[in-house]
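The basis for the numbers below is simple: all heavy atoms, side chains too, and nothing from hydrogens, waters or symmetry mates.
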Amino acid sequence: MAKVDLATIGSCVGQTVTFGGWLTRKRSSGKIQFLQIRDGTGFIQGVLVKAEVEEAVWERAGQLTQESSLYVTGIVREEPRSPSGFELSITGIEIIQIAKDYPITPKEHGVDFLMDHRHLWLRAPRQRAILRIRAEIIAAIQRFFDERGFTLVDPPILTPSSCEGTTNLFHTKYFDEDAYLTQSGQLYMEAAAMALGKVYSFGPTFRAEKSKTRRHLIEFWMIEPEMAFVDHEESLNIQEQFIGYVVEQVLSRCSAELAVLERDLAALERVKPPFPRITYDEALDLLKTVGMELPWGEDFGAPHETAIAEKFDRPVFITHYPASFKAFYMKPDPNRPEVVLCADMIAPEGYGEIIGGSQRIDDPILLEQRFAQHELSEEAYGWYMDLRKYGSVPHSGFGLGLERVVAWICGLDHVRETIAFPRTLYRLYP
């Protein structure tokens with residue numbers, strides 16, 4: 001007898017199989033019981049006919065409650081009306097455990113209740129679909145870079161200083177020294193690019209910002225490529241190819257999960273390069289036409305990004321921001337030094353910035369000036385200056401926030417559902 005999982009059960013039509021699972025719900029019509037069972041890889045309906053099984057098997061089915069665990073034996077049948085296309089004619093049941101008073105019932109629950117029970121909420125079909133799509137996004141990201149000659153490099157999580165000169169960092173002690181949880185691995189990835197040419201990192205980052213918006217988490221995951229001998233324009237081309245590839249892979253490989261989420265596939269199918277590009281100045285003009293006028297030199301907030309995105313049917317690049325509010329390492333435009341060679345990629349449908357990137361300063365004299373302007377310690381950043389002293393080259397990079405991309409592709413209202421155990425301003429449990 002074959003032991004299978006529900007992801008591959010379609011290859012066993014007509015065969016008797018056994019698998020372990022959990023009961024999600026059941027109903028009875030007298031002499032027939034219908035058991036909805038999941039095993040982590042998928043769902044199936046099991047049909048139990050009283051006249052066709054031993055009395056003990058029928059009684060065991062009657063004992064089952066929501067989320068009880070069991071081993072099930074049965075014959076796999078094709079069933080066109082089933083979402084999976086298959087059904088199980090149950091012949092045997094072995095109870096592992098009867099679950100008592102499972103707290104998440106089919107009734108409506110509040111967000112706080114569900115987040116307090118996040119460890120159980122993960123079992124819901126919607127949450128499972130989100131995490132499966134997240135896993136596919138991660139796999140697609142790695143395939144994209146691995147197939148294009150990038151090397152995966154892991155930057156440190158504990159750092160002696162900030163990447164962007166901000167103070168919103170989690171402080172800790174590194175024995176007798178001050179240390180911080182990383183907010184970005186970018187500076188270290190620049191060093192790796194000088195050794196390996198094209199690199200990327202994928203790991204957790206932390207921001208100690210007291211933000212409560214639907215787009216922010218305290219702990220989140222970043223993908224940060226850095227590329228030697230790549231200028232701003234080349235980087236934009238790579239970014240749009242990257243996002244187009246990831247979306248295409250999810251559409252191809254996660255159709256069942258997208259259906260569970262009732263995602264508008266047409267919106268995702270439009271995500272094909274090239275993406276539109278507008279400058280910061282052009283974005284200001286666009287905002288003026290919708291009654292959202294801003295002075296030159298002020299950064300955009302979420303409402304501004306949403307208003308801009310509404311004018312396009314796919315992601316849009318906003319380029320050439322003022323240097324005054326951008327990071328110290330961004331290279332000025334040689335033709336207009338008050339703006340930098342940078343871009344934010346804004347997702348459609350109101351999901352905001354999903355990628356931020358720039359060409360990096362490669363001139364050691366200019367970088368020293370930036371250190372002074374931003375009051376950065378040359379002692380703390382001496383190693384970063386060495387990258388400009390010893391074989392400096394033009395180079396560019398960008399960072400993608402994984403959870404925002406998951407929220408956008410899945411069509412979610414809040415990033416808290418994009419990661420198994422989210423860390424938000426007031427939540428460190430479970």
Side-chain angles (χ1 to χ4, degrees), residues 130 133-134 136-142 144-145 164 183-186 200-205 207 209 211 213-217 219-226 232 235-251 254 263-264 267-278 280 283 299-319 321 326-327 342-358 396-419 422:
I130 293 167
I133 291 172
R134 177 190 172 102
E136 179 53 41
I137 290 171
I138 291 170
I141 287 169
Q142 293 178 315
F144 179 88
F145 289 115
E164 298 183 1
Q183 62 177 180
S184 169
Q186 180 210 308
Y200 73 102
S201 65
F202 173 60
T205 54
R207 299 286 171 93
E209 298 173 358
S211 173
T213 80
R214 68 186 184 93
R215 298 179 178 179
H216 287 87
L217 292 172
E219 175 186 290
F220 56 100
W221 288 69
M222 289 278 288
I223 293 85
E224 296 184 282
E226 289 291 328
H232 174 60
S235 179
L236 294 184
N237 293 337
I238 292 168
Q239 291 173 48
E240 63 187 6
Q241 292 165 16
F242 170 45
I243 292 298
Y245 176 85
V246 169
V247 171
E248 184 275 329
Q249 292 291 295
V250 172
L251 284 168
C254 298
R263 183 63 166 107
D264 176 11
L268 296 177
E269 289 165 351
R270 290 192 291 268
V271 181
K272 299 183 186 298
F275 298 163
R277 303 178 187 184
I278 61 173
Y280 171 84
D299 200 0
F300 301 134
H304 307 107
E305 291 177 347
T306 298
I308 293 166
E310 286 176 350
K311 299 296 182 181
F312 304 92
D313 66 354
R314 67 198 67 200
V316 55
F317 286 110
I318 305 175
T319 70
Y321 283 84
K326 284 298 185 180
C342 72
D344 290 343
M345 184 189 292
I346 310 300
E349 304 175 82
Y351 284 93
E353 177 196 337
I354 53 173
I355 289 182
S358 73
S396 300
F398 58 92
L400 174 141
L402 177 63
E403 284 72 23
R404 284 194 186 181
V405 171
V406 174
W408 162 49
I409 291 178
C410 291
L412 307 180
D413 292 332
H414 200 292
V415 292
R416 63 180 161 236
E417 292 185 66
T418 63
I419 190 169

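- Side chains of Val247 and Trp408 form a contact here, defined as non-hydrogen atoms less than 4.5 Å apart.
- No donor-acceptor pair closer than 3.5 Å links the side chain of Arg404 to the backbone N or O of Val415.
- The two residues Leu268 and Ile409 come nearest to each other via the heavy atoms CD1-O, 3.7 Å.
- The CD atom of Glu417 lies 4.5 Å from the CD1 atom of Ile130; values are rounded to the nearest 0.5 Å.
- Distance check: Ile243 CD1 to Met345 CE gives 5.0 Å after rounding to the nearest 0.5 Å.
- The CD1 atom of Ile133 lies 9.5 Å from the CG atom of Leu251; values are rounded to the nearest 0.5 Å.
- Contact record, Ala309 with Ala347: CB-O, 3.5 Å, taken as the closest heavy-atom pair.
- Look at Arg134 and Glu403 and you find a salt bridge, because one of the NZ, NE, NH1 or NH2 atoms lies within 4.0 Å of a carboxylate O, short of that distance.
- Within the 4.5 Å cutoff, side-chain heavy atoms of Ser184 are placed close to those of Glu224.
- Contact record, Phe317 with Ala343: CD2-CB, 4.1 Å, taken as the closest heavy-atom pair.
- Residues Phe242 and Ile141 form a side-chain contact, since some pair of their non-hydrogen atoms from C-beta on lies under 4.5 Å apart.
- How far CD of Glu240 is from CD1 of Ile355: 10.0 Å, rounded to the nearest 0.5 Å.
- Among all heavy-atom pairs drawn from Ala407 and Thr418, the shortest one is N-CG2, 3.6 Å.
- Side-chain N or O atoms of Thr205 include one that pairs as donor or acceptor with a backbone N or O of Phe220 at under 3.5 Å.
- Between Ile223 and Phe144, the closest side-chain pair of non-hydrogen atoms is not below 4.5 Å.
- A 4.5 Å side-chain heavy-atom check between Val406 and Ile419 finds every atom pair outside the cut-off.
- Interatomic distance, Leu217 CG to Glu209 CD, rounded to the nearest 0.5 Å: 11.5 Å.
- Salt-bridge check for Glu349 with Arg263: passed, with a basic side-chain N closer than 4.0 Å to an acidic carboxylate O.
- Note that SG of Cys254 and CD of Glu136 are 5.0 Å apart. Values are rounded to the nearest 0.5 Å.
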(request) Decide yes or no on side chain to side chain donor-acceptor pair (under 3.5 Å) for Gln239 and Ser235, but give the supporting numbers first. (result) CA-CA 6 Å; Gln239 291 173 48; Ser235 179; 3.0 Å; yes
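- Listed by chain and residue number, nothing satisfies the ring pair (Phe, Tyr, Trp, His ring centres under 6.0 Å) test with Phe275 (two or more places apart in sequence, or in another chain).
- Annotation for Phe312 and Pro276: closest pair CD2-CG, 3.5 Å, computed over non-hydrogen atoms.
- Under the side chain to side chain contact (heavy atoms under 4.5 Å, CB included) criterion, Arg214 pairs with Tyr351, His414, sequence neighbours left out.
- Side chains of Met222 and Ser201 form no contact here, defined as non-hydrogen atoms less than 4.5 Å apart.
- Contact record, Cys342 with Lys326: SG-CE, 4.2 Å, taken as the closest heavy-atom pair.
- A donor-acceptor pair under 3.5 Å is formed between the side chain of Arg207 and the backbone N or O of Gln183.
- Annotation: side chain of Phe300 is not in contact with side chain of Glu353 (no heavy-atom distance under 4.5 Å).
- Ala302 is linked by a side chain to side chain contact (heavy atoms under 4.5 Å, CB included) to Arg215, counting only residues two or more places apart in sequence or in another chain.
- A heavy-atom distance below 4.5 Å is not found between the side chains of Pro348 and Asp313.
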